Amino acid sequence: MAGRCDTCTYNEYDEEEDACFCSADMDEDDFYHFMLQDRRTCPFYQNSDEYAVVRHQM
């Protein structure tokens, strides 16, 4: 999943912390279920590749 986080829209870099974090809008219940689930998939993942749709149409 680490590779997928690198291409996720919600993956943001914080210069002060010198680290990346997830900015997905999760409430406590979402976070709890996310931590319990199998880590190979993320329900909040969105591909940040803007050209993926264009490549799919070709």
Side-chain angles (χ1 to χ4, degrees):
M1 188 168 124
R4 292 193 49 138
C5 287
D6 292 341
T7 61
C8 184
T9 301
Y10 296 117
N11 188 26
E12 295 188 15
Y13 179 72
D14 185 4
E15 291 180 4
E16 292 179 13
E17 296 288 327
D18 191 30
C20 293
F21 67 96
C22 181
S23 65
D25 188 24
M26 287 187 260
D27 61 11
E28 290 179 17
D29 292 332
D30 291 335
F31 186 72
Y32 176 76
H33 291 295
F34 177 71
M35 296 306 287
L36 288 179
Q37 76 177 2
D38 182 13
R39 299 288 167 82
R40 286 177 276 163
T41 60
C42 176
F44 301 101
Y45 176 79
Q46 289 185 356
N47 191 346
S48 63
D49 183 8
E50 298 171 356
Y51 298 106
V53 173
V54 175
R55 283 193 299 272
H56 178 70
Q57 292 174 347
M58 295 176 111

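Note that this is a predicted model, so its numbers are computed, not measured.
Remark: Thr9 engages no residue in a side chain to side chain donor-acceptor pair (under 3.5 Å) (not counting sequence neighbours). Applying the side chain to side chain donor-acceptor pair (under 3.5 Å) test to Asp18 and every residue at least two apart in sequence or in another chain returns Tyr13.
Annotation for Phe44 and Tyr10: closest pair O-CE1, 3.0 Å, computed over non-hydrogen atoms. Residues Cys20 and Asn11 come closest through the heavy atom pair CB-OD1, 3.4 Å.
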Distance-only donor-acceptor pairs under 3.5 Å for side chains of residues 24-34, two or more places apart:
{"unit_1": "Asp27", "atom_1": "OD1", "unit_2": "Asp29", "atom_2": "N", "d": "3.3"}
{"unit_1": "Asp27", "atom_1": "OD1", "unit_2": "Asp30", "atom_2": "N", "d": "2.8"}

